[in-house]
Each structure stands twice: as structure tokens, then as C-alpha cells.
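What you see is a predicted model, and the numbers here were worked out from it, not measured in a lab. Chain identifiers are assigned alphabetically (A, B, ...) following the order of the sequence lines, protein sequences preceding nucleic acid strands; residue numbering begins at 1 within each chain.
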Amino acid sequence: MLFNRLFFDHPLTSNAFTPLLTDTAEECNDHQHCQQNSQFSHDPIEKTKLNKCMRIKNERMHWADAIAQELAGKKHVIATGITPSGPIHIGNMREVITGDLIYRAIKDAGGDATLVYIADNLDPLRKRYPFLGKEYEKYVGMPLCDIPCPCGECENYAEHFLKPFLKSLEKLDIHPIIYRSDELYTHGKFDEVIKIAIQSTERIAKILKETSGRDVPEGWSPFMPKCPFCGKLTTTRVLDFSDMVEFECECGEEGKVGIREGKLVWRVDWPARWKVLNVTVEPFGKDHAAAGGSYDTGARISREIYGYEPPHPVVYEWITLKGKPMSSSKGVSVTVEDMLKVVPPDILRYMIVRVKPEKHIDFDPQITLLQLVDEFEELDRGSREYELSHVELQADIPFRHMITVVQIAKNDDQIFEVLERSGYKVDRSDKRQVEAVLSLASNAREWVKMYAPERMKFEVKERVDVKFDEKEREGLRRLAELFEKREMDAKEVHDSIYRVANEIGMKPSKLFEAIYKVFLGKKYGPRAGWFLVSLPRNFVIQRLKESQEGNNES
RNA sequence: GGGCUCGUAGCUCAGGUAGGUAGAGCGUCUGGCUUUUAACCAGAUGGUCGUGGGUUCAAGUCCCACCGAGCCCGCCA
């Protein structure tokens with residue numbers, strides 16, 4: 001970043017062709033010189049030196065900044081969009097996060113940008129998905145915004161899936177201007193582009209044929225009227241157009257509707273939208289990117305029909321779930337909502353931030369996810385990755401520790417007590433802090449429930465139900481004494497365990513096992529020192545003493 | 001059949017529009033802290049850059065061919 005600014009802030013001077021030789025990049029103060037000269041010099045040694053200098057600009061730059069740099073000098077509208085035909089999963093989410101990152105990068109570079117999200121709620125329901133009841137069969141072909149909500153509580157089908165998604169956007173600190181396509185159409189924003197499309201039917205058909213190599217069917221129209229009788233978009237055929245669209249429908253009816261009663265087919269809708277919203281940057285999945293795919297046809301329609309330069313494409317790869325492509329309809333998916341139940345939002349952002357859009361991501365909610373969390377928490381707070389991932393108001397408590405905490409605490413109050421004892425201060429009068437902590441705790445609790453391997457799960461037992469041998473009792477007794485004597489911090493406790501074991505000639509591992517058995521009834525558990533100080537001190541003392549009861553007393 | 005994207009250390013990835021001595025994190029190993037337990041510190045280890053050609057004084061980087069993975073070309077976003 002810094003190097004880049006230096007590079008670009010340097011004006012080209014009049015003696016640009018004077019060789020400027022330096023041994024190290026730091027010594028060079030005018031990279032423009034080096035750039036020019038490396039191209040014209042024929043002396044290999046000189047070239048080497050010059051190029052070495054130029055190399056400096058190849059220092060790590062985040063992909064979002066690189067895109068922003070490429071786009072510099074113009075006002076931008078970044079358009080994202082997802083069809084709310086089912087639960088929106090994290091694969092879909094890549095589109096919006098990618099857009100947001102570019103948006104932030106442009107802003108950070110001092111540019112002007114707007115982020116837009118378009119909910120394609122006018123798209124027809126393609127089929128009755130497995131998660132829908134039989135009664136939905138009759139809605140196939142109707143716009144999503146005209147179909148009743150599955151839970152009966154939202155305005156319509158589209159809103160049902162949109163609501164949790166929009167809420168997730170908030171959590172992810174993504175704030176696009178939100179459009180719903182039914183509003184864009186019915187409010188007349190698309191009037192113009194629809195008219196042009198219908199009038200250009202022949203030319204559009206030709207473009208589609210030329211780019212995708214497919215003949216469009218007889219009587220094809222870029223506009224799908226919505227049949228006022230059966231409410232469907234997919235069953236109508238356009239017969240004629242003057243001011244109104246004349247159509248016939250498979251339901252047997254025919255008639256005329258206005259151009260606000262319907263929708264452009266996807267391949268035309270896309271470029272039309274670019275024109276209407278002045279879109280200049282468009283992230284999209286690789287499915288649209290192939291030759292003859294919808295970006296190709298869209299770009300031509302945009303130029304040739306709408307006279308609009310198509311937006312800068314940003315192609316992103318799919319996110320797979322343990323190797324399988326995500327698909328809500330096949331049940332192979334993790335919804336954004338679900339993921340945010342399990343990890344804080346910055347982790348989801350980081351997952352997208354850390355790799356270039358064209359890189360494929362395989363998602364595994366179990367251990368890999370935890371590694372992702374660790375990696376993020378270890379990240380240098382000043383790094384660009386951290387900056388781009390970071391979401392305001394995040395509790396600064398390691399997730400792994402929280403996993404221990406929530407398994408000790410029985411309720412919200414105890415969470416704060418446990419945190420306090422283990423050295424994390426939370427100002428409980430600060431509502432936002434409290435909220436942040438509870439939200440992280442809820443993530444951890446959910447993660448344990450859903451994905452934790454057995455080894456990481458534990459429960460503090462109500463009573464000791466294990467008997468110990470003499471050595472073990474001795475070790476535990478001495479620990480109890482230490483706890484009684486004074487308060488210790490986690491490290492001290494941890495050290496004491498080793499010391500006590502050594503004092504009585506016991507293998508430390510045996511003492512650790514005994515401790516875990518006393519409290520958890522298992523031979524292993526979270527790091528002992530940190531675990532023990534998380535518990536109430538009196539309880540620890542009492543429990544250690546209880547371990548003395550049993551066969552040696554009788 | 002046509003096309004798009006990806007292939008760099010054991011793993012995850014930088015090295016994107018500028019050819020110039022192959023990088024980071026994690027892991028692994030070693031050493032240290034009277035210390036294997038879900039810890040910390042220090043150091044070390046690690047790659048014929050998918051393969052084969054070509055251009056060049058110089059190629060992970062540019063060109064061609066091939067291999068492997070995924071996807072698109074069914075108007076369906």
C-alpha cells in the first residue's frame with residue numbers, strides 16, 4: 001500500500017530517461033525512472049538493478065486494493081444480487097462480501113463508490129424444492145414475491161428468505177442500498193429498458209445466438225408478461241407489442257398487459273439493470289463467466305442495445321461444503337444465518353478476505369473452522385486482512401477460551417463471573433460490551449453443540465464418583481492446600497501442578513488425569529491451570545477435598 | 001465438441017495489467033522455561049512453482065501443447 005502511494009505520487013520528471021541505478025530498492029526514490037529505463041536499457045546488469053527496484057511494487061497487496069487501484073479515478077456503483085428462492089447460503093454470500101470488500105477498498109483509497117444489493121424477488125419459482133410442501137407445486141412459475149410465505153408470518157415467499165439474510169448483512173457490517181426487483185419494475189424504473197428490449201427482440205435474439213450458439217425458440221421475447229389470470233411468468237408467450245403487451249398463456253387465457261406486469265428474461269434483465277442503476281462493478285459466480293455465458297451476452301446487449309459500457313467483471317469461485325458444491329435444494333449448504341450462529345461475523349468475512357475471489361474455498365464447519373478462527377485471532381491487528389475483516393463491537397476474547405467458558409457457566413451471569421476469574425475484564429455497565437460478549441458466548445455454545453469433537457466437550461460433574469490411589473489423593477490434597485493459602489492466577493496454578501507432582505514423585509501427567517477426573521470424570525480436559533481458575537475458588541477447594549473421601553477413610 | 005477458472009512447502013495461501021536470487025502463516029523437528037496435556041519463547045526444516053516445449057542474457061510470471069480438478073455453453077438467477 002505504502003509503496004504504491006509512493007509510486008504513484010511521483011510525477012514523471014523531464015529527465016525520465018536518465019538511468020538511475022541503485023543496489024537496493026530503498027535507495028531508489030523514483031520508480032518511474034526505473035520503469036522507463038528497464039524497458040530501454042540493453043545492459044543486462046543495469047537492467048537487473050532497475051528491475052530489482054521495480055519489484056518493490058510487487059510487495060503484498062490485497063486483492064481488493066488491487067481491484068480498487070485498477071478502478072481508480074471514477075465514481076463506482078458495485079452491484080450484487082441474490083435470488084431469495086431458498087435459504088441463502090455462504091456460497092451466495094461470497095458475492096456480497098466480495099462486493100463490500102471492493103467497496104471498502106475504493107473508499108479507503110479515497111474513491112467514490114456505492115454498494116447495491118438487488119433482491120431478485122420477481123424471479124419465478126423454478127420448481128417445488130424439497131423443503132417445500134406439496135401445496136407449493138401450484139406456485140411454480142409465479143414470481144417469488146407473489147407466493148405465500150412458508151412460515152405464514154412474512155409478507156411473501158421472497159421476504160421469508162430475505163429477512164434473515166438482511167439481518168446477517170447488518171451483523172457483517174455490510175450496508176448496501178437495497179432494491180427489490182418487483183419495486184424497480186412496478187415503479188417504472190425499467191419502463192425504458194423494457195421497451196427498448198422488446199423493440200430490439202430480433203437483434204437480441206441474434207446476439208444470444210451468436211454468443212451462446214443457441215437458437216432462441218420460435219416466438220421468443222425478452223419480456224415475460226405475467227398472466228393476470230394464473231399469475232405465472234413462465235407460461236406466457238408474447239404475441240404482439242404496441243403500448244401494451246399482447247400475450248397468450250398456457251392456462252388458456254390471453255389478453256394484454258402493461259410493461260410493468262412482467263419481467264425481462266435473465267440474460268436481458270442483467271444488462272438492463274446495469275444501465276438503469278449505472279452499475280460499473282459486477283461480482284458474479286463463475287457460472288456466468290464462461291464464453292457464451294450470461295456476462296458475455298450481457299456485455300454485448302449492454303453495448304449494442306443499451307449503448308452502455310458493461311461493468312468491470314469480478315469473477316468468484318464457489319464455496320464447497322467438505323468438497324461438495326453447496327445447494328440449498330439438495331440440502332448441502334450452510335446458511336449465512338447458521339454460520340453466524342456458530343462464529344462471529346468477522347470470521348465469515350475473513351474467510352472471503354483471505355483468498356482471491358477466483359480461488360475455490362472448501363468449507364468445513366468442524367476443525368477447519370476453528371483453525372480459521374485461530375488464524376484470524378493471531379492476525380496482526382494492523383494488517384490489511386484484519387482491517388478488511390474486522391467488524392465493530394466484537395468481544396476481544398479468544399474463541400477457544402470461550403468454548404471452555406460456556407461449558408463451565410450455567411447461565412449468562414456465570415459467563416461474566418467465569419471470564420472475570422480467568423482474567424478477562426468486562427465492563428458490565430457497558431451494554432454494548434455485554435452484548436458483544438454474550439453474542440460470542442452464544443456462538444461458542446452453538447459451535448460446541450453442533451460441531452465440537454467429543455474430545456473438546458466436557459461437563460463439570462455434580463459430585464466425585466471416582467476413587468483415587470494414595471499418590472493421587474496426596475497430590476490433590478496438596479493442591480487444595482495451595483488453593484486455600486492464596487489466590488493464584490492461571491499460570492501459577494499450572495506451574496503448581498507440575499511442582500506438586502514432582503515433590504511427591506509422581507508423573508505430572510498422572511496428576512493432570514486425577515484433576516480432570518475429579519472435576520469432569522474424564523482423563524483429559526481443557527488446559528488445567530486456566531480451567532481451574534475459571535471455576536469458583538471455594539468450589540475447587542471443596543471438590544479437591546472431596547476427593548480425599550473414599551477408600552482411605554474406611 | 002467449444003470455453004472459463006484453478007494447480008506454488010506436509011496444509012492454507014501470497015507472488016494478479018509491469019519477467020530479475022521462490023515468500024508468509026500453520027504444521028513438523030530441535031532447544032529453553034523444575035513443565036506433553038487446548039501454553040509461551042528461540043531456532044531449524046521445508047518447493048525440479050501440474051508436465052513438456054518455445055521466446056529471452058533472464059520465465060512461477062509471457063506464448064503453445066498436454067495432464068488433473070471444478071464449472072459454463074439447457075434463457076434458469
Let me know the distance between CG of A:D374 and C1' of B:C26, rounded to the nearest Å.
10 Å
pair A:L125-A:M142: side-chain heavy atoms closer than 4.5 Å
no
Between atom OH of A:Y516 and atom CG of A:L532, what is the distance when rounded to the nearest 0.5 Å?
8.0 Å
With P as the reference atom in both, quote the distance from B:C72 to B:C57 in angstrom, rounded to an integer.
45 Å
Rounded C1' spacing from B:A42 to B:C4 in Å
48 Å
Remember a base hit wins even if backbone is also touched, and classify A:L208 as base, sugar-phosphate or nothing at under 4.0 Å, heavy atoms.
base
Test: A:K263 and A:D182 ion pair at under 4.0 Å:
no
Checking all strands, does A:H401 fall into the base, sugar-phosphate, or nothing category for heavy-atom contacts under 4.0 angstrom?
nothing
Pairwise distance CZ(A:R126) to OG1(A:T83) - rounded to 0.5 angstrom
9.0 Å
When the P atoms of B:U61 and B:C41 are considered, how many whole Å apart are they?
38 Å
Quick one: label A:W63 by what it contacts on the DNA or RNA (base, sugar-phosphate, nothing), any heavy atom closer than 4.0 Å.
base
Angle class for the A:W266/A:H288 ring planes (parallel below 30°, perpendicular above 60°, tilted otherwise)?
tilted
Which part of the nucleic acid does A:D296 contact within heavy-atom distance under 4.0 Å: base, sugar-phosphate only, or nothing?
nothing
Output the single nucleotide from B:A38, B:C73, B:U37 whose closest atom is nearest the side chain of A:S509.
B:U37
I want to verify the glycosidic state of B:G16; is it syn or anti under the 90° rule?
syn
Side-chain atoms of A:T234 come closest, of B:C76, B:G70, B:A38, to B:C76
Students often get this wrong, so: under 4.0 angstrom with heavy atoms, is A:D123 touching a base, only sugar-phosphate, or nothing?
sugar-phosphate
In whole Å, what is the span from the CD atom of A:Q371 to the P atom of B:A38?
15 Å
B:C4 C1' sits how many Å from A:W318 CH2, rounded?
12 Å
With a 4.0 Å cut-off, would you call A:E503 and A:R478 a salt bridge?
yes
What is the distance, to the nearest angstrom, from the CZ atom on A:R384 to the P atom on B:G15?
15 Å
For A:K457, does the NZ atom sit with more than 12 other heavy atoms under 6.0 Å from it, leaving out its own atoms?
yes
For A:W270 and B:A77, what is the distance between atoms CH2 and C1' respectively, to the nearest whole Å?
10 Å
Counting the atoms with a prime plus P, OP1 and OP2 as sugar-phosphate, which does A:F512 contact under 4.0 Å by heavy atoms, base, sugar-phosphate, or nothing?
base
Regarding the side chain of A:Y498, the nearest nucleotide among B:U36, B:C75, B:A38 is B:U36
Describe the nucleic acid contact of A:I67 in one word from base, sugar-phosphate, nothing, applying a heavy-atom distance below 4.0 Å.
base
Given RNA chain B, 5'-ward residue of the pair A:W220 and A:E70, judged by closest heavy atom
A:E70
Between B:C13 (P) and A:E317 (CD): distance, integer Å:
11 Å
On RNA chain B, nearest-nucleotide positions of A:N502 versus A:A528: which is more 5'?
A:N502
Can you check the distance between B:U12 and B:U28, where both ends of the measurement are the C1' atom (answer in whole Å)?
16 Å
I'd like the P distance from B:C49 over to B:C33, given in whole Å.
42 Å
Looking only at side-chain atoms of A:R527, point me to the closest of B:A39, B:G16, B:C72.
B:A39
For RNA chain B, which consecutive runs of 3 or more Watson-Crick or G-U pairs (each distance under 3.5 Å) count as stems?
B:1-7 with B:67-73, B:10-13 with B:23-26, B:28-32 with B:40-44, B:50-54 with B:62-66
Side chain to side chain donor-acceptor pair (under 3.5 Å) partners of A:R94, counting only residues at least two apart:
none
What's the closest nucleotide to the side chain of A:M224 if the choices are B:A77, B:G16, B:C71?
B:A77
Looking across every strand, which nucleic acid part, if any, lies under 4.0 Å from A:V265 by heavy atom: base, sugar-phosphate, or nothing?
sugar-phosphate
A:R126, nearest nucleotide to its side chain (from B:U35, B:A77, B:C75):
B:A77
Listed nucleotide nearest any side-chain atom of A:A66, set B:G16, B:C72, B:A38:
B:G16
Please state whether the rings of A:Y350 and A:F376 are parallel, tilted or perpendicular, taking 30° and 60° as the class boundaries.
tilted
Select one nucleotide: of B:C71, B:C4, B:C75, the one nearest the side-chain heavy atoms of A:A289.
B:C4
For RNA chain B, what residues of residues 351-362 of chain A have any heavy atom nearer than 4.0 Å?
A:R354, A:V355, A:K356, A:E358, A:K359, A:H360
Rounded to whole angstrom units, what separation is found between the CG atom of A:L369 and the P atom of B:A38?
20 Å
How far, in whole Å, is B:G27 from B:A39 if one measures between their P atoms?
9 Å
Expressed in angstrom and rounded to an integer, what is the separation of A:K286 atom NZ from B:C73 atom P?
12 Å
What nucleic acid atoms does A:Y516 come within less than 4.0 Å of, heavy atoms only: base, sugar-phosphate, or nothing?
sugar-phosphate
The side chain of A:Q69 is closest to which nucleotide in this list: B:U17, B:A38, B:G16?
B:U17
Quick one: does any side-chain atom of A:R128 pair with a main-chain N or O of A:L132 as donor and acceptor, under 3.5 Å?
yes
Roughly how far apart, to the nearest Å, are B:U55 and B:G43 at atom C1'?
43 Å
Report the relative orientation of the aromatic rings in A:Y386 and A:H390; use parallel for angles under 30°, tilted for 30 to 60°, perpendicular for over 60°.
parallel
Need one value for A:G81: base, sugar-phosphate or nothing, where a base atom within 4.0 Å counts as base even if backbone is also close, heavy atoms only.
nothing
Suppose you measure atom C1' in B:G7 against the same atom in B:A14; what distance do you get, rounded to whole Å?
15 Å
Hey, what's the ring geometry for A:F512 with A:H494, parallel, tilted or perpendicular (30° and 60° as the breaks)?
tilted
Do A:R400 and A:E377 sit within salt-bridge range, that is, some charged N less than 4.0 Å from a carboxylate O?
no
